[in-house]
Amino acid sequence: MSVQAIAWSPSGAVRIVDQRALPEARIERDLESAEAVADAIRTLQVRGAPLIGIAAAMGLVAGTRELRGAPREEFLGRLAELARLLAATRPTAVNLRWALERMARGAAATPGDGAALWDGLRAEATAIWEEDRAMCRRIGEAGLPLVPDGATVLTHCNAGALATGGIGTALAPIYLAHEAGRRVHVFVDETRPVLQGARLTAWELAHAGIACTLIADAAAGSLMRQAKVDLVIVGADRIAANGDFANKIGTYPLAVLSLHHGVPFYCAAPSSTIDAALGDGDGIPIEQRSPDEVKTVAGRPVAPAAVEALNPAFDVTPARYVTGYLTDRGLRKPPFAAD
Ligand code: MRU
């Protein structure tokens, strides 16, 4: 069984699993306001491209609960303000903007005052979440033929249940292969600097009873040279029309290594991750995070305090390195057009 990363609390708050606490503790937090959701996204309590889109949509609902008695203009004004706040939290994953724009369109098309608008928002946010769950499953079905009995898959970062509203993107074919009784083994890149692979992917695979081995990011090439990796599947934060895509820093070198060693390299993502307005990956904004994430491990310094560190959170992998794109519409090749 995969984990569920998000839910409504009985009072209408956004219930999340605080991903900073994993794997030591599984702590659920009820986020009562859009501001609390924005803070949770910024600080990686909730992370992963699809999940931050879902969380932001639900955050708009939680943040407008008190405005159900408000006139239409007041409600829409506050909604726009909260959407701007949430949109500014993280720049790379396009799912965030996609979800917020969808919520705004939904509100604009809903007649009535605060009560009707709020009901509409809640239904739209729930639909975004449910659709993501269904898209994850379809991504899994698209990738299932690539994961036969005995397959060894390498993945980077966390593109699993903890990053989505369902069974994940890159991990979805693995969950379905496991469900089908196939023996699968996963090499999990630890994914420095924030260790989403070690802390999150290894945790959720172990929770689901799927065999995995944690490796230092630098070990991938050597494993490929020894023919120990059948295929690589990673997630994406934004895919441009030509197929270039941004994902967690370290994805690009993995793609280069895969091509060099003849290992098939797949990018798995829902339609909400495709930014067809961007011709290629050069236009994808790359989030620069605090140097402290590089200079520390689990909060402890691992470098001289005065040393400079660079911390781009994502890199861009050119389309020519990608064997195929596992999407909710099947195994695809670029170019990707707008819906
Ligand atoms: O910084 P993060 O943890 O939000 O980065 C997440 C990733 O890069 C994932 O691989 C990507 O969002 C795909 S999640 C299904």
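As the structure lists them, so they are numbered: ligands from 1, and atoms in each ligand from 1.
The shell of residues lying under 4.0 angstrom from ligand 1, judged by heavy atoms, includes N158. No heavy atom of A93 sits closer than 4.0 Å to any atom of ligand 1. Residue contact check for ligand 1: A313 places no non-hydrogen atom closer than 4.0 Å to it.
For atom 2 (P) of ligand 1, the closest heavy atom belonging to the protein is R90 NH1, 3.6 Å. The protein non-hydrogen atom at the shortest distance from atom 10 (O) of ligand 1 is N247 OD1, 2.7 Å.
Judged by distance alone, the side chains of T92 and D237 never bring a donor and an acceptor atom under 3.5 Å apart.
When heavy-atom distances to ligand 1 are checked against a 4.0 Å cut-off, K248 comes that close through both its backbone and its side chain. Of all the heavy atoms of A49, the ones lying under 4.0 Å from any atom of ligand 1 are found in both the backbone and the side chain. The residue V194 has no part lying near ligand 1, judged by heavy-atom distances below 4.0 Å. Residue-level proximity to ligand 1 for P50 is carried by the side chain, the only part with a heavy atom below 4.0 angstrom. Residue contacts with ligand 1, taken as heavy atom pairs separated by less than 4.0 Å, do not involve H156 at all.
To the nearest 0.5 angstrom, L154 atom CG is 10.0 Å from I233 atom CD1. Note that CZ of F245 is 12.0 Å distant from OH of Y252, once rounded to the nearest 0.5 Å. Taken from CD in Q45 to CG in D18, the straight-line distance is 4.5 Å, to the nearest 0.5 Å. Here the straight-line distance linking atom NE2 of H156 with atom OG1 of T201 works out to 9.5 Å at 0.5 Å rounding.
In this structure, the side chains of I128 and M103 come closer than 4.5 Å at one or more pairs of heavy atoms. Contact of the L231 side chain with the Y266 side chain is registered, since non-hydrogen atoms from C-beta on lie closer than 4.5 Å.
Annotation: T164 places no N or O atom under 3.5 Å from an N or O atom of ligand 1; distance criterion only. Of the N or O atoms in G235, none lie within a sub-3.5 Å distance of an N or O in ligand 1.
Those atoms of ligand 1 that come under 4.0 Å of a heavy atom in Q196, given as number and element, are 1 (O), 2 (P), 3 (O). Applying the 4.0 Å criterion to heavy atoms of A163 picks out, from ligand 1, the atoms 14 (S), 15 (C). When each atom of ligand 1 is checked for a heavy atom of T169 under 4.0 Å away, the hits are 15 (C). Close contacts between ligand 1 and D237 involve ligand atoms 7 (C), 8 (O), 9 (C), 11 (C), 12 (O) [criterion: under 4.0 Å to a heavy atom].
Looking at every heavy atom in both residues, I6 comes nearest to W129 through O-CZ2, 3.2 Å.
In summary, of the residues considered (I41, L200, V194), a side-chain contact (heavy atoms from CB on, under 4.5 Å) with R47 occurs for L200 alone.
By the 6.0 Å and 45° rule, R238 does not stack over the aromatic ring of W98.
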